[in-house]
There are 2 protein chains.
Amino acid sequence: MLIGELAKKTGCDVETIRYYERERLLSAPQRSASGYRHYNAEQLGELNFILHCRSLGMSLADIRNLAAFKADHEHDCEDINLLIDQQIAKVHQQAEALRLLEQQLLALRDKCHDSHAAADCGILQTLVEAAEGEPCVCHTPFGQDNHGHSHDHDHAAKKNGRTQKGRP
Amino acid sequence: MLIGELAKKTGCDVETIRYYERERLLSAPQRSASGYRHYNAEQLGELNFILHCRSLGMSLADIRNLAAFKADHEHDCEDINLLIDQQIAKVHQQAEALRLLEQQLLALRDKCHDSHAAADCGILQTLVEAAEGEPCVCHTPFGQDNHGHSHDHDHAAKKNGRTQKGRP
DNA sequence: CTTGACCCTGTAGCGACTACAGGGTGTGCA
DNA sequence: TGCACACCCTGTAGTCGCTACAGGGTCAAG
Ligand SMILES: [Zn+2]
Ligand SMILES: [Zn+2]
Ligand SMILES: [Zn+2]
Ligand SMILES: [Zn+2]
């Protein structure tokens, strides 16, 4: 089986297959005289394993570990459980963060209904005022009476949407 | 105000501030004779605006657009609304995807309760069998009777956890 | 006059791909 | 046999939003 055929069978891009091999996730296949990769059923399984784990949101590092556990039959499965549990925790946290984000965005969106000049747009006004230190609908959920100065939403805490590694 | 002071005031890393300047999100500050950046209140506002938008999960490209709308007072705010609506949609989709992921992971986790050898681990067995084409708890939600061969979960469709750009 | 805290530029790295450029191979058809 | 065309190869660079140096310069205090 050549790489293109494997790609078709698995739905994985050819370049991604080569990438997985470079990253030592996929074992190096046999080569024809001209250097073409030839895959067998075992490697088809390997790739499907990787893709399955990826579809569960696992990192390539996690998948590498999982594959190592799979190879080491004696290994206690405690580590597997830990890995999955951590994955669940990670996914859960991210989902919660996004849920909050959606609420914040909806609150902001509610500041503008009709079409009008940008200068008068409630959304833009909210953003500009927030940058000047005023409270904002998005970061002051609803019941907080910090109606003036001195409020700090956590810009620093979550620098980018997906990884918050600063403070737990 | 030197860059370190601005960093402290905003909670933004010094290197990130320089990065925003390189990316033309932050206007270039005045320089002292020795090349030190000196910031004023206006640029403090600019940075806070950026950080506020980032905390709402917006991309730097979106923020650049938003800043352009802010500068162009005549501009109709329709585009702002569109931008926010798209952001809401994106966040919503990602949140839903993560919710599903969590369910899938929990179903998989349920395949192992006690500690034992990896060879007998229900989690690992599930993953290996799925790679061979069997149905799996994680990708066959619960009521589907595809109990044998010929099932395809959508490995190809969502290549990585965060961006599914293939089919909407 | 030295120490140490700050500042500068430029470059490389992260993760998980994706997209070429620039070439080689293999098959079918006239 | 010649040629088109689909496929394969390697290697490098780009994506995004930072982060982390290396290797230097500046400035105020002691
Ligand atoms: Zn508006
Ligand atoms: Zn806000
Ligand atoms: Zn187990
Ligand atoms: Zn599955």
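Computed from a predicted model, the values in this text were never measured in an experiment.
- For B/Asp85, the side-chain hydrogen bond (donor to acceptor under 3.5 Å, both in side chains) partners are A/Arg109, not counting sequence neighbours.
- Annotation: salt bridge (Lys or Arg N to Asp or Glu O under 4.0 Å) contacts of B/Glu96 (sequence neighbours excluded): B/Arg99.
- Here the P atom of nucleotide C/dC17 and the CD1 atom of A/Ile63 are 8 Å apart, to the nearest Å.
- Considering only residues two or more places apart in sequence or on other chains, B/His38 meets the side chain to side chain contact (heavy atoms under 4.5 Å, CB included) condition with B/Leu2, B/Ser32, B/Tyr36.
- At the heavy-atom level, A/Arg18 lies under 4.0 Å from base atoms of the strands shown.
- Under 4.0 Å is where a charged nitrogen must lie from a carboxylate oxygen, and between A/Glu46 and A/Arg64 no such pair does.
- Taking atom CD1 of A/Ile50 as the reference point, atom C1' of C/dC17 lies 14 Å away to the nearest angstrom.
- To the nearest 0.5 Å, the span separating CG on A/Leu66 from CG on A/Leu56 amounts to 10.0 Å.
- Regarding contacts with the backbone of D/dC18, a side-chain N or O of B/Tyr20 is found under 4.0 angstrom from either OP1 or OP2.
- An OP1 or OP2 oxygen of C/dT25 is reached within less than 4.0 angstrom by no side-chain nitrogen or oxygen of A/Arg31.
- Proximity of A/Arg37 to the phosphate of D/dC8: no side-chain N or O atom is located under 4.0 Å from OP1 or OP2.
- Rounding to whole angstrom units, CD of residue B/Glu15 and P of C/dG13 are separated by 16 Å.
- With sequence neighbours left out, the side-chain hydrogen bond (donor to acceptor under 3.5 Å, both in side chains) criterion links B/Asp72 to B/His75.
- Side-chain proximity of B/Ser59 to D/dC9, D/dG17, C/dT9: nearest is D/dG17.
- B/Asp120 is linked by a salt bridge (Lys or Arg N to Asp or Glu O under 4.0 Å) to nothing, counting only residues two or more places apart in sequence or in another chain.
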Next item on the list: At under 4.0 Å between heavy atoms, which parts of nucleotides 24-29 of chain D does protein reach? Answer with one letter per nucleotide, 5' to 3': B base, S sugar-phosphate only, - none.
Entry: -BBS--
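- Atom pair B/Gln30:CD and C/dC7:P shows a separation of 17 Å (rounding to whole Å applied).
- The stretch residues 84-92 of chain B has no heavy atom under 4.0 angstrom from DNA chain C at all.
- Relative to the axis of its first five pairs, the axis of the last five pairs of the helix from C/dC1-D/dG30 to C/dA30-D/dT1 sits at 30°, rounded to 10 degrees.
- OP1 and OP2 of D/dC16 both lie 4.0 Å or more from every side-chain N or O belonging to B/Arg64.
- Rounded to a whole Å, the CD1 atom of A/Ile3 is 16 Å from the C1' atom of C/dG24.
- Remark: the A/Glu5 side chain and the D/dC7 base include no donor-acceptor N/O pair separated by less than 3.5 Å.
- In terms of position on DNA chain D, the residue among B/Tyr19 and A/Val14 whose nearest nucleotide sits closer to the 5' end is A/Val14.
- A/Leu2 has its CG atom 19 Å from the P atom of C/dG24, to the nearest Å.
- In this structure A/Arg22 satisfies the salt bridge (Lys or Arg N to Asp or Glu O under 4.0 Å) test with no other residue, sequence neighbours excluded.
- OP1 or OP2 of C/dC17 sits under 4.0 Å from a side-chain N or O of A/Arg54.
- Every residue was checked against the side-chain hydrogen bond (donor to acceptor under 3.5 Å, both in side chains) condition with B/Gln125, not counting sequence neighbours, and none meets it.
- Taking only side-chain nitrogens and oxygens, B/Thr16 never comes nearer than 4.0 Å to OP1 or OP2 of D/dG17.
- The distance from the CG atom of B/Leu47 to the CD atom of B/Glu21 is 11.0 Å, given to the nearest 0.5 Å.
- Atom CD of residue A/Gln43 and atom CG of residue A/Asn48 lie 12.5 Å apart, to the nearest 0.5 angstrom.
- A search for side chain to side chain contact (heavy atoms under 4.5 Å, CB included) contacts involving A/Asp76 returns A/Glu78, B/Ser115, not counting sequence neighbours.
- One can place CZ of A/Arg24 at 16 Å from P of C/dG15, the figure rounded to the nearest angstrom.
- Atom OH in A/Tyr39 sits roughly 11 Å away from atom C1' in D/dC8 (whole-Å rounding).
- Contact of A/Glu23 with C/dC17 (side chain to base): no donor-acceptor pair of N or O atoms is detected under 3.5 Å.
- Residues satisfying the side chain to side chain contact (heavy atoms under 4.5 Å, CB included) criterion with B/Gln86, sequence neighbours excluded, are B/Leu82.
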